[in-house]
Amino acid sequence: MGGFFRDVYCVVRMIPPGRVATYGQIATYLGSPHAARTVGWALGALPAGTSVPWHRVINALGRISASRSGHRADQQRAMLEEEDVVFDESGRIDLKKHGWKGPR
DNA sequence: CGTATGACGAGCC
DNA sequence: AGGCTCGCCATAC
């Protein structure tokens, strides 16, 4: 289709509120289990105010990785807490509890 | 067409 | 448990 990005956005849009998915999980779903970095790159290309729930995507450690070049990490955490996602003392999410199991 | 980049992941120390 | 290194993939230049 238009490209890998569009596919990434399509999958991210499927993630329901209160659930989170990892970059690798999305990459695997798209058929490229080793393209996790590219997934993160696709999300980083999203403009502010996008309809894509990019905040529901975190790394395999259950942690937010967006703090690199912008304070979006703080915003991401706030948005997730709005959806009842729980963070532990280390700022990590329990993927066993909030992890997205995929589309049904 | 070759090199560099990037919101990752798994392995090793 | 926490931090560092190498590997992988899809765009940009």
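These numbers were taken from a predicted model, which means no experiment stands behind them. A, B, ... follow the sequence lines: proteins, then strands. Residue 1 opens every chain.
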At a cut-off of 3.5 Å, list every protein nitrogen or oxygen paired with a nitrogen or oxygen from nucleotides 1-6 of chain C, distance to 0.1 Å.
none

(request) Name the closest nucleotide to the A:S32 side chain, picking from B:dC8, C:dC9, C:dT11. (result)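 For the A:S32 side chain, the nearest candidate turns out to be C:dC9.
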(request) Look at the side chain of A:H34 and decide which nucleotide, out of B:dG9, C:dA10, C:dC8, has an atom nearest to it. (result)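 Closest of the options to the side chain of A:H34: C:dC8.
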May I have the distance from [X] (atom [atom1]) to [N] (atom [atom2]), rounded to whole angstrom?
{"X": "A:Q76", "N": "B:dA7", "atom1": "CD", "atom2": "C1'", "value": "8 Å"}
{"X": "A:Y23", "N": "B:dA7", "atom1": "OH", "atom2": "P", "value": "9 Å"}
{"X": "A:D7", "N": "C:dT11", "atom1": "CG", "atom2": "P", "value": "10 Å"}
{"X": "A:I26", "N": "B:dG9", "atom1": "CD1", "atom2": "P", "value": "10 Å"}
{"X": "A:R37", "N": "B:dG9", "atom1": "CZ", "atom2": "C1'", "value": "10 Å"}
{"X": "A:F5", "N": "C:dC9", "atom1": "CZ", "atom2": "C1'", "value": "11 Å"}
{"X": "A:Y29", "N": "C:dA10", "atom1": "OH", "atom2": "C1'", "value": "20 Å"}
{"X": "A:W41", "N": "B:dT5", "atom1": "CH2", "atom2": "C1'", "value": "7 Å"}

Enter the distance from [X]:[atom1] to [Y]:[atom2] here, rounded to the nearest 0.5 Å.
{"X": "A:R56", "Y": "A:I26", "atom1": "CZ", "atom2": "CD1", "answer": "11.5 Å"}
{"X": "A:L30", "Y": "A:T38", "atom1": "CG", "atom2": "OG1", "answer": "10.0 Å"}
{"X": "A:I64", "Y": "A:I58", "atom1": "CD1", "atom2": "CD1", "answer": "7.5 Å"}
{"X": "A:D74", "Y": "A:M79", "atom1": "CG", "atom2": "CE", "answer": "12.0 Å"}

(message) Distance to the ring centre below 6.0 angstrom and angle to the axis at most 45 degrees; does that hold for A:R37 and A:Y23?
(response)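 Cation-pi check for A:R37 and A:Y23: fails.
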(message) Please classify the nucleic acid contact of A:G24 as base, sugar-phosphate, or nothing, using heavy-atom distances under 4.0 Å.
(response)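 Sugar-phosphate only.
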(request) On DNA chain B, check which nucleotide each of A:L61 and A:T38 is closest to and give me the residue with the more 5' one. (result)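 Its nucleotide being nearer the 5' end, the pick is A:T38.
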(request) If the plane angle is over 60° it's perpendicular, under 30° parallel, otherwise tilted; pick one for A:F5 and A:W41. (result)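 Geometry flag for A:W41 against A:F5: perpendicular rings.
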(message) Does this structure show an ion pair linking A:E83 with A:R19, if we count only N-O contacts that are shorter than 4.0 Å?
(response)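 Judged by the 4.0 Å cut-off on N to carboxylate O distance, A:E83 and A:R19 do not form a salt bridge.
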